[in-house]
Amino acid sequence: EALHPDIRVRLQTAADPALLNTQRVDALILAGRTWPQTWDVTPLFAETIGPVCTPALAARIRSPADVLDAPLLHTSSRPDAWKDWAALQGIALAPQQPGREFDHLGHMLEAAAAGLGMAIAPAVLVESE
């Protein structure tokens, strides 16, 4: 904006990439690994994702499989995050794993901080905690 004051920047958050088809969007920042082949994609950085929880809950974790004993907190923006993490650990995720789902990542992280369960989140968002 400082370099181009004649250009108006509008920031908008949305969880549905399909909005690109219905709204004028010049750039989109999106977390993920797969995109439509018609998109011109420039990766910004590699992402590290993993479980996060309170210190009290972490004290009960001795192995990756122990993580699945806690209620798992999910975010609708990453519906397969726990399944992907479990597969990378070589463990099976139960189809009806107890937990809660949140519309926003921030709400999920607040629930984890309150001790409601184990969240899974990008390290860049939680490393200062």
Side-chain angles (χ1 to χ4, degrees):
E1 291 176 334
L3 293 175
H4 302 281
D6 55 318
I7 297 176
R8 182 173 171 219
V9 176
R10 178 176 174 229
L11 299 177
Q12 177 181 347
T13 60
D16 184 5
L19 292 174
L20 287 173
N21 299 327
T22 61
Q23 298 182 5
R24 179 168 156 60
V25 176
D26 295 313
L28 173 70
I29 298 174
L30 182 68
R33 294 179 299 217
T34 58
W35 304 273
Q37 290 183 354
T38 56
W39 290 11
D40 182 15
V41 175
T42 302
L44 298 178
F45 53 88
E47 184 175 56
T48 302
I49 298 174
V52 295
C53 63
T54 61
L57 183 52
R60 301 190 331 230
I61 306 299
R62 300 285 178 240
S63 72
D66 292 344
V67 168
L68 303 183
D69 291 336
L72 300 184
L73 307 178
H74 305 266
T75 181
S76 57
S77 62
R78 297 205 178 197
D80 295 327
W82 278 115
K83 183 180 76 170
D84 294 346
W85 178 84
L88 288 171
Q89 303 306 314
I91 53 181
L93 184 65
Q96 295 300 323
Q97 186 78 27
R100 296 180 174 144
E101 184 173 330
F102 299 86
D103 288 340
H104 299 284
L105 180 73
H107 296 157
M108 180 189 66
L109 293 176
E110 288 293 325
L116 296 179
M118 183 78 63
I120 189 164
V124 69
L125 297 180
V126 297
E127 61 194 359
S128 66
E129 301 295 325

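As the structure is a computational prediction, the values presented were derived from the model and not from experiment.
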Report task. Could you pull out the closest heavy-atom pair between Ser76 and Pro79, with the gap in Å? Result -> O-CD, 3.4 Å
Kindly list each side-chain donor-acceptor pair under 3.5 angstrom involving residues 54-62, sequence neighbours excluded, with atom names and distances?
unit_1: Thr54; atom_1: OG1; unit_2: Leu57; atom_2: N; d: 3.2
unit_1: Arg62; atom_1: NH1; unit_2: Ala59; atom_2: O; d: 3.3
unit_1: Arg62; atom_1: NH2; unit_2: Ala59; atom_2: O; d: 3.3

Query raised in the report: What's the shortest heavy-atom distance between Leu73 and Trp82, and which atoms?
Result: O-NE1, 2.9 Å
Only pairs under 3.5 Å count here: list side-chain donor-acceptor contacts from residues 121-129, not counting sequence neighbours, and write none if there are none.
none

Query raised in the report: Asp66: what forms a salt bridge (charged side-chain N to carboxylate O under 4.0 Å, His left out) with it, not counting sequence neighbours?
Result: none
Query raised in the report: Around Asp40, counting heavy atoms of other residues, nucleotides and ligands shown, do more than 12 lie under 6.0 Å from its CG?
Result: no
Requested in this report: Specify the closest pair of heavy atoms between Val67 and Leu72, including all atoms of both residues, with the distance to one decimal.
Outcome: O-CD2, 3.8 Å
Show me the donor-acceptor pairs, under 3.5 Å and distance only, between side chains in residues 104-118 and residues at least two apart or in other chains.
none

Report task. Could you name each residue pair satisfying salt bridge (charged side-chain N to carboxylate O under 4.0 Å, His left out) that touches residues 41-58, not counting sequence neighbours? Result -> Glu47-Arg78
Query raised in the report: Hey, which of Ile120, Ile49, Leu93, Asp80 is the one that makes side-chain contact (heavy atoms from CB on, under 4.5 Å) with Trp85?
Result: Ile120
Requested in this report: Using the test salt bridge (charged side-chain N to carboxylate O under 4.0 Å, His left out), find all partners of Glu101 that sit at least two apart in sequence or belong to another chain.
Outcome: none
